[in-house]
Each structure stands twice: as C-alpha cells, then as structure tokens.
There are 2 protein chains.
Amino acid sequence: MTPVQSYEKNCSQCPIRHRAVCATCEPDELVELDSMKYYRSFEAGQPIMWSGDRMGFVGTVVSGTATIERLMEDGRKQTMGLLLPSDFIGRPGRDTAIYDVTAVTDVTLCCFRREGFEQMVGKTPHLSQRMLEMALDELDAAREWMLLLGRKTAREKIATFLMMLVRRTTIGNETNSDEIKIVLPLTREAMADYLGLTIETVSRQFSVLKKEGLIVLDGKRNLSIPSSEALLLETGSDAT
Amino acid sequence: MTPVQSYEKNCSQCPIRHRAVCATCEPDELVELDSMKYYRSFEAGQPIMWSGDRMGFVGTVVSGTATIERLMEDGRKQTMGLLLPSDFIGRPGRDTAIYDVTAVTDVTLCCFRREGFEQMVGKTPHLSQRMLEMALDELDAAREWMLLLGRKTAREKIATFLMMLVRRTTIGNETNSDEIKIVLPLTREAMADYLGLTIETVSRQFSVLKKEGLIVLDGKRNLSIPSSEALLLETGSDAT
DNA sequence: CGTCAGGTTGATTAGGATCAACACAGGTGG
DNA sequence: CCACCTGTGTTGATCCTAATCAACCTGACG
C-alpha cells in the first residue's frame with residue numbers, strides 16, 4: 001500500500017468519508033479540514049502513542065488496525081479498544097495520553113495538529129456533534145465489553161469477538177451468503193489481551209470451535225463461518 | 001430526605017451545580033434549564049429505566065446512587081457504571097434504553113424531557129461541549145474498569161473499588177487526615193456485579209482485608225481505611 | 001417469635017492460568 | 001541448498017483462583 005493515494009488529495013475520494021468524524025461536515029467545512037490534514041503511516045507492531053506522552057495530534061484510522069491498551073506494573077496487559085478504519089484517536093482537551101496505542105497491522109492515519117483541530121471543533125457544530133455521537137458509541141462499545149470481560153466464559157468471549165468482527169468488517173457485502181469469510185487482524189496474543197484471556201486459552205477455544213464445525217480455519221488468519229446463526233448462539237447474548 | 005428542597009427552586013443552591021452537565025452554563029442558559037427541569041425520586045431498589053424501553057427523559061443524579069447494568073438470558077448480571085451525584089443519565093439522540101438503570105439507594109434526579117433537552121443542547125455550545133467532556137470522562141472510566149475486569153485479581157478488584165469510592169466521595173474533605181471513612185453505597189451483591197465476582201468472593205476478600213488491618217468495618221456499610229497508601233498498594237495500579 | 005433479606009464461612013469443584021514441549025513458517029547467512 | 005533461528009501457534013499436564021453448593025449468622029420488622 002503506497003502512502004500517497006488518491007484520497008490524500010481529495011476527501012471526497014476517502015474510503016471512510018461517510019463514517020469518520022468528518023461524516024456530517026458540509027463541503028466548506030471539509031475544504032478547511034482538507035487543508036489541515038496530513039497522513040502518517042505506521043508499520044505493524046509500531047507504537048502510535050505512549051501513555052504519559054504528550055499528544056500533539058489527533059486522527060482517524062484510514063486503513064489498518066490499531067489497539068488501545070494499558071499495561072500494569074507486572075506486565076499484565078488489557079486491550080481496551082480496537083481501532084478499525086473510521087475510528088478516531090485522541091481526546092481533544094487532553095494533552096497527555098493515558099493509554100498506549102499500537103499498530104497491529106500496517107496503519108495509515110489522517111491526522112490533525114491537536115490545537116488546530118480543537119479550534120475547528122469549537123467553531124464547527126457539525127464536528128462537535130459528531131464527536132459526541134462517536135464518543136457515546138464508543139462508550140456503548142466499552143460497556144458491552146465490560147459484560148464480556150466480567151461475565152462471559154472463554155468460549156463466549158471468542159464467539160462474541162468473532163461476531164463483532166463480522167459486524168464491523170462486512171458492511172454492504174453479500175449479507176445473504178451463508179458462508180461469511182473474515183480476516184483476523186490480531187495475533188492470538190492480541191486477542192487474548194483484548195478478551196482478558198491467555199494465548200493458550202484462545203488457541204484451545206479456536207481448536208474446539210473448529211472441531212465442532214462452527215468455524216473453518218484457512219491458515220492462522222483466514223477464517224470462515226459456515227453459519228453465523230449457530231455462532232451467534234455461542235455468544236451468550238444478552239436478554240435484549 | 002424530603003423531595004422538595006431549596007435547590008429545586010433555584011439552580012444556584014444546587015449541591016452539584018458546578019460538577020453536572022450544566023457546570024459551564026451561563027446565567028441566562030441556567031435560567032432556561034431551570035424552567036425546563038423537574039425532579040423525580042426513586043426508592044432504593046426501584047428501576048429508573050429498563051433496557052428496551054422508550055427513554056422519555058434525561059437527567060442528573062442529585063442525591064443517592066444508581067447503577068447501570070445489563071442482564072444476560074441466564075441471569076448473569078454485569079454492572080457497567082455507578083451513577084453518583086452529578087452523573088448524567090440518558091443519551092441524547094437515542095430513544096430506546098439499552099441498559100437497565102436501578103436506584104440502589106434512594107435517588108433524586110433532576111430531569112428534562114428528552115426532546116427539549118436535545119434542542120437545548122443543539123443551540124447551547126456550552127452544554128454540548130460539557131456533554132462531550134462528560135462522555136469522554138465516562139469512556140475513560142469504562143476503560144479503566146475493563147482493565148479491572150479483564151486482568152485484576154479479586155483482592156485487587158476490591159481494593160481498586162474502595163479507592164475509587166474514596167476518590168469520588170471525599171472531595172474537599174480533610175485530606176491530610178490519615179483515617180478515611182467512607183460509606184459503602186452498594187450491597188455485597190451489587191459490588192459483586194460491578195466487579196465481575198460472586199457475593200461470596202466479595203465477602204471473603206472483605207474478611208481478609210479486615211483481618212490484615214487494611215480496612216476496619218463498622219457494621220456492614222461503614223468502613224474506615226487506616227492507611228490509604230497501604231490500600232493503594234493492593235490495587236495493582238498500572239504502570240503510569 | 002418467626003420470617004426474610006443480606007451477609008459470612010466452610011467444603012468442594014471447575015474453568016482458565018501456568019508451565020512445558022513441540023510444530024510450523026519465514027528469514028538469514030554460511 | 002540447507003542449517004539455524006525466531007516469532008507465532010498448538011497441545012498436554014498440572015495448579016490455583018474464584019465459582020458453586022451448602023450451612024449458618026445477624027438484624028430488621030411484622
């Protein structure tokens with residue numbers, strides 16, 4: 001993936017234009033954002049932001065996957081969020097990061113200097129409303145994950161994670177096709193950190209689900225789901 | 001606690017005026033909110049909102065404690081947030097609740113009809129900015145709790161919960177006094193649901209901490225902490 | 001005095017962590 | 001070309017923390 005692509009010249013070409021923080025901006029607002037933006041790329045495994053460091057920029061994931069995580073003194077790690085294309089990084093109004101953000105695949109960000117972006121938010125209701133909407137969506141997602149971390153079994157955690165990936169990565173694809181194929185953006189270790197498990201437990205649960213025919217593995221990263229209804233039953237879905 | 005108090009007449013008397021969603025409002029904005037607001041009270045144990053129900057109102061906790069929680073089909077429950085005085089209930093832009101909200105002590109709310117509040121937010125930057133700020137704070141708190149739920153031991157969970165209560169309920173009190181006294185707003189069961197544990201494990205950990213002298217119990221709800229530094233060491237604090 | 005909700009404590013179990021060995025793919029350098 | 005290494009993943013054996021099952025305690029209240 002070359003760093004310079006058509007959407008870098010023009011926001012209207014941007015693949016995530018309609019889902020990102022700028023989704024509800026008017027053409028003139030977009031022109032202004034366009035003039036402020038710059039792109040940054042990170043290789044898989046590279047840190048995007050360290051907890052405790054100054055945050056000079058905010059940005060949107062254009063391609064790739066990153067994780068928001070926190071380390072404990074003794075090395076225990078918990079991933080608190082997956083950042084997929086259209087997700088926003090950074091908190092306006094805060095100048096010091098309180099999480100680590102790490103690129104888990106190659107990542108391209110559409111960035112803004114933090115001060116400039118904050119000014120823009122201050123004078124652009126479309127932008128501040130969208131920020132609020134996205135923050136509330138993230139809050140819902142975080143709370144959903146609290147249910148998973150606090151109460152679900154290892155098997156339910158894996159099934160829930162896979163169904164979340166299906167929901168987030170197959171948008172507008174053939175929905176009625178029974179066989180759903182997804183690519184796992186995370187290693188076993190990164191999944192373990194996200195699900196509050198160990199690598200070994202993740203691996204074992206994949207093996208069990210494979211043996212039961214609920215998932216089919218092609219290599220370590222390509223996965224297909226013969227029946228999403230069947231897998232959904234394994235998520236321990238809530239009462240709603 | 002009588003339902004009609006002085007702050008019901010005048011926002012300037014309100015005990016949470018400077019911390020709530022209206023904290024940054026100008027006097028004229030406050031007058032308008034004042035004219036829209038109404039108070040509701042809920043007895044301990046009563047539901048404030050059911051998942052799936054229509055949300056006709058939003059509001060701020062003026063006194064008492066409520067929990068945000070979610071039930072699974074088989075009865076497993078996870079509490080996703082504690083609502084203490086000044087916390088906000090409800091999501092503008094959504095008309096159906098996706099969580100249960102329950103009063104765990106007697107609760108008084110300062111409410112607004114949802115539509116009226118949404119209009120007010122739309123035309124009052126002070127209010128929408130404050131909403132964003134509060135949503136981002138809640139997001140940080142939710143992520144902090146994900147670390148607790150995913151990676152901490154039962155002992156660390158209890159210690160972290162107690163230190164969180166200390167932080168949230170002793171504001172402006174004698175800080176240099178060694179002996180900190182707090183009142184537990186939750187039953188053992190509610191704490192278990194918040195911490196992803198069982199009642200029995202919560203009870204046992206309290207017994208252990210008591211035996212070790214890290215906490216002193218007076219009845220079931222009154223607790224004092226001889227040394228907050230010592231208790232802090234038990235929280236498994238993160239690397240930051 | 002009996003009942004009941006909330007809490008404690010003990011005995012046992014089980015799910016996932018830990019420790020350990022091995023498999024496999026992709027580089028790298030002789 | 002192959003030997004070697006390293007990062008990633010799988011599988012097995014064992015251990016341990018917290019869940020489960022169960023009995024009992026305590027105080028409030030009719």
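Proteins come first, then strands; the chains are lettered A, B, ... in the order of their sequence lines, and each starts at number 1. When reading the values below, keep in mind they use all heavy atoms of this one structure, side chains included, and skip hydrogens, waters and symmetry mates.
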Between [Y] and [X], does any NZ, NE, NH1 or NH2 come within less than 4.0 Å of an OD or OE carboxylate oxygen?
X: R70(A); Y: D193(A); value: no
X: R91(B); Y: D140(A); value: yes
X: E189(B); Y: K77(B); value: no
X: R151(A); Y: D74(B); value: no

To the nearest Å, give me how far apart [atom1] ([X]) and [atom2] ([N]) are.
X: L195(B); N: dA18(D); atom1: CG; atom2: P; result: 12 Å
X: K220(B); N: dG7(C); atom1: NZ; atom2: C1'; result: 5 Å
X: L217(A); N: dT10(D); atom1: CG; atom2: C1'; result: 12 Å
X: R151(B); N: dT17(D); atom1: CZ; atom2: C1'; result: 15 Å
X: K157(A); N: dG16(C); atom1: NZ; atom2: P; result: 7 Å
X: R221(B); N: dG27(D); atom1: CZ; atom2: P; result: 15 Å
X: L186(B); N: dG6(C); atom1: CG; atom2: C1'; result: 14 Å
X: L184(B); N: dG6(C); atom1: CG; atom2: C1'; result: 14 Å

Between T67(B) and E69(B), does any side-chain donor sit less than 3.5 Å from a side-chain acceptor?
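Note: T67(B) and E69(B) side chains meet the donor-acceptor criterion.
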Indicate, with a heavy-atom threshold strictly under 4.0 Å, whether G45(B) touches base, sugar-phosphate, or nothing.
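Result for G45(B) = nothing.
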Would you indicate what G196(A) reaches in the nucleic acid, counting non-hydrogen atoms under 4.0 angstrom: base, sugar-phosphate, or nothing?
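G196(A): backbone/sugar contact only, no base atoms under 4.0 Å.
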Just the atom pairs and distances: protein N or O near nucleotides 9-12 of chain C's N or O, under 3.5 Å.
from	atom 1	to	atom 2	distance (Å)
dT9(C)	OP2	S207(B)	OG	2.4
dG10(C)	N7	R204(B)	NH1	2.8
dG10(C)	O6	R204(B)	NH2	3.0
dA11(C)	N6	R204(B)	NH2	3.3

T187(A) side chain N/O closer than 4.0 Å to the phosphate oxygens (OP1, OP2) of dT8(D)?
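So the side chain of T187(A) is outside the cut-off, no N or O lying under 4.0 Å from OP1 or OP2 of dT8(D).
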If the condition is ring-ring contact (aromatic ring centres under 6.0 Å, His included), which residues does F42(A) pass it with, not counting sequence neighbours?
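F42(A) satisfies ring-ring contact (aromatic ring centres under 6.0 Å, His included) with no residue once adjacent residues are dropped.
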Is the shortest heavy-atom distance from the side chain of E156(A) to the side chain of E234(A) under 4.5 Å?
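The answer is no, as the side chains (C-beta and beyond) never meet within the 4.5 Å cut-off.
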